[in-house]
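Worth knowing before you read on, the calculation uses all heavy atoms, side chains too, and leaves out hydrogens, waters and symmetry mates. So that the names make sense, note that chain A is the first sequence line, chain B the second, and so on, each numbered from 1.
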There are 2 protein chains.
Amino acid sequence: MADVARLAGVSSQTVSRVSNGHPGVVDATRQQVLDAMKELGYRPNSAARALKRGEFRTIGVILFTLATTGNSRTVEAIANHAAEQGYAITLIPVASPTQDGVLGAFTRLGELAVDGVIVIMEVHLLDAVALELPPGAQVVVVDSDAGDRYPVVDTDQADGARQAVSHLLELGHHTVRHVSGPAESFSAGRRAQAWRDVLTEAGRPVPPMLQGDWSAESGYRAGLEIAADPSCTAVFTANDQMALGVLRALHERGRRVPEDVSVVGFDDIPDAVSYLPPLTTIHQDFAEMGRRCVDRLLHQIRGEASPPGRALVPTRLVTRESTAPPPAS
Amino acid sequence: MADVARLAGVSSQTVSRVSNGHPGVVDATRQQVLDAMKELGYRPNSAARALKRGEFRTIGVILFTLATTGNSRTVEAIANHAAEQGYAITLIPVASPTQDGVLGAFTRLGELAVDGVIVIMEVHLLDAVALELPPGAQVVVVDSDAGDRYPVVDTDQADGARQAVSHLLELGHHTVRHVSGPAESFSAGRRAQAWRDVLTEAGRPVPPMLQGDWSAESGYRAGLEIAADPSCTAVFTANDQMALGVLRALHERGRRVPEDVSVVGFDDIPDAVSYLPPLTTIHQDFAEMGRRCVDRLLHQIRGEASPPGRALVPTRLVTRESTAPPPAS
DNA sequence: TGCGATGATGTTTACGTAAACATCATGCAC
DNA sequence: GTGCATGATGTTTACGTAAACATCATCGCA
């Protein structure tokens, strides 16, 4: 910076003013400075900036994995929206969903250059360790059981699940089986609860729930059980990838979809339209989710009033070919 | 830090030594400092650290999208391995594969607090703009056409594609059609070239190539054309998601896989085993890829000798049920 | 016993920036 | 013409840390 100032024949403070777009610099001077910057290939040192300003213009995102489509799409949306707001995203992967893994991530996090953190993870896993945030850092939690401790940005999981199950009941199915996500997932829990609620409200029997882990493989295992149950005519899976596994199991066991069994997924990932058959599923608006996370966090960082409302991000049913009325039997 | 020093009754320099794990501090003193840190909730300020040390311990990853499975898995592997090395990952999403989008990303990048950058993108798109890196930042390019300008970490795309096509020929197929990735993708180009080479070397006809964009939807469109070509008995798609679309199209048109048509994908994403039928594909080792990217970049950052070899990350054929000998005809 | 070597700890300084304050020239009102 | 307001630019300082150097006590050995 000093070099630039010397070359432009001004003080370093004027260089600073130009580089930050402050007013009160005459055009001729500004141009001189800009020329000098260019000639010397000057880039402001972000560490020094951050030190002086007391903020990093960076948001940390802490999560277990990018392997589930929902997570990676959420992260992408967060990154895009944050970039628009002039913030960068730092990824904090947690090696494993164990205390050690989380602890390691948070130890790193404590020293990390972030103004705030978005947690895409079950909060109770955080409780296991002292949540040592960088001083002054804010937290927003995605789709989790944060209670009142942290602001939460939420998708309307329950409504989505209700739409899925209702859709199947309206088609005439007597009841619906559910392949849920992992027990520790709050989202999975809410989808399962809504499934139970709708059946109960409709006076239908609630068949045993099958437990998966979001992966297609786990869906396949659940699907084998479903295929072995001739009374089952409708399945609601907690995400699309598990639905893919269910479809495979049903196909292998000779049960046709949707003629014999209807299947509804959750997420509406781009691939779902290409499943065999194309999957009826609950569409999630990941972009909106990312936007809300970032907006909310920035509000907090700036100490502004509590962000506008706690409305849930809506979901909607997308009907494709994997659902139909039950067989006449 | 001064507060901690005061409370512990030592100098700030001793606090610094403890916080960085430097030797030469007696255990009793160290413990006092640690206690004081804990009591005051002290966290080192990473901006000041970075300023003093001249490095950020952060790697930037610049890419278009996390929506393709390959990208998100590569990023995850990079993040994990970087974390092991004490480095954080900053995501730099490029809004769109246009000059404006890339330019915007690089303008931000220029001011970003990173020691190096991993580019998961076609280099020729970077050429459109002045590649203004933070001073001293290093670059590693993934699977791209960087020529000699940047170090490249590469998967053995060509070998993978050769394995795929050879496998089909060995099963007895006369020739193989190819659904490629987007024209601007270097990886896609190499897979397509290898496909052409193998067919040519075997003295087989090279049928017209079909162009996709990595998405299942584009695979579906290509699949419809393939289904309309009764002479086609074998397809090699440049990734698994497009293979999913091809499977759907073939199924809709009543062409059985693998009895009528064999299909081979590329990537071996976890879902591929659950496709109908489970997909024969080329396995990529994304974890190894991520590791090599990070190692290579850190080598450069530290100014160490040119990293060990430029060996390609190997690929391997995973045979499942989507391939079989051609119909007797 | 004394002296140098060793190891523990303290003091000074600089990293690059931007806020706060100081200075200077210009122009306008009286 | 004088004085003062205004706007442009320069000077000083502090942000929190860690390297370099300085100091001090202790211990072993002649």
Considering just the side-chain nitrogens and oxygens of Arg49(A), establish if one lies under 4.0 Å of OP1 or OP2 belonging to dA18(C).
-> yes

Would you mind telling me which of dA19(D), dA18(C), dG10(D) lies closest to the side-chain atoms of Val10(A)?
-> dG10(D)

Among the candidates dA18(D), dG10(D), dA18(C), find the nucleotide nearest to the side-chain atoms of Ser19(A).
-> dA18(C)

Between [atom1] of [X] and [atom2] of [Y], what distance do you get to the nearest 0.5 Å?
X: Met37(B); Y: Asp3(B); atom1: CE; atom2: CG; value: 12.5 Å
X: Leu297(A); Y: Ile118(A); atom1: CG; atom2: CD1; value: 5.0 Å
X: Phe56(A); Y: Asn45(B); atom1: CZ; atom2: CG; value: 5.0 Å
X: Ile89(A); Y: Asn80(A); atom1: CD1; atom2: CG; value: 9.5 Å
X: Arg73(B); Y: Leu66(B); atom1: CZ; atom2: CG; value: 13.5 Å
X: Glu55(B); Y: Tyr87(B); atom1: CD; atom2: OH; value: 4.5 Å

Roughly how many Å is it from [atom1] in [X] to [atom2] in [N], rounded to a whole number?
X: His22(B); N: dG10(C); atom1: NE2; atom2: C1'; answer: 16 Å
X: Arg53(B); N: dG16(C); atom1: CZ; atom2: C1'; answer: 16 Å
X: Met37(B); N: dG16(D); atom1: CE; atom2: C1'; answer: 13 Å
X: Arg6(B); N: dG16(D); atom1: CZ; atom2: C1'; answer: 14 Å
X: Tyr42(A); N: dG16(C); atom1: OH; atom2: C1'; answer: 8 Å

Stepwise side chain to side chain donor-acceptor pair (under 3.5 Å) check, Gln31(A) with Asp35(A) | CA-CA 6 Å; Gln31(A) 198 51 53; Asp35(A) 290 347; 3.2 Å; yes

Could you tell me whether Glu288(A) and Arg291(A) have a side-chain N and a carboxylate O separated by less than 4.0 Å?
-> yes

Should the pair Asp143(B)-Arg190(B) be classified as a salt bridge under the 4.0 Å nitrogen-to-oxygen rule?
-> yes

Test for a donor-acceptor pair under 3.5 Å between the base of dG16(D) and the side chain of Arg43(B), counting only N and O atoms.
-> no

Distance-only donor-acceptor check, side chains Thr58(B) and Thr90(B), under 3.5 Å = no

Let me know, please, whether Thr14(B) or Arg17(A) comes out on the 5' side of the other along DNA chain C by nearest nucleotide.
-> Thr14(B)

Contact class for Ser16(A) (heavy atom, under 4.0 Å): base, sugar-phosphate, or nothing?
-> base

Give the C-alpha distance, both sets of side-chain angles, the deciding distance and a yes or no for side chain to side chain donor-acceptor pair (under 3.5 Å) between Asn20(B) and Arg53(B).
-> CA-CA 12 Å; Asn20(B) 286 0; Arg53(B) 294 198 288 220; 5.0 Å; no

Ala2(B) or Ser11(A): which one's nearest nucleotide on DNA chain D is closer to the 5' end?
-> Ser11(A)

What are the residues of residues 25-33 of chain B, sorted by number, that bring a heavy atom to within less than 4.0 Å of DNA chain C?
-> Val25(B), Val26(B), Thr29(B)

Checking Gln300(A), His81(A), Gln85(A) against Asp295(A) for side chain to side chain donor-acceptor pair (under 3.5 Å), the one that qualifies is His81(A)

Rounding to the nearest 10°, end axes of the helix from dT1(C)-dA30(D) to dC30(C)-dG1(D) built from five pairs each make an angle of 50°

Quick one: which protein N/O atoms are closer than 3.5 Å to N/O atoms of nucleotides 12-15 of chain C? Pair and distance per line, please.
none

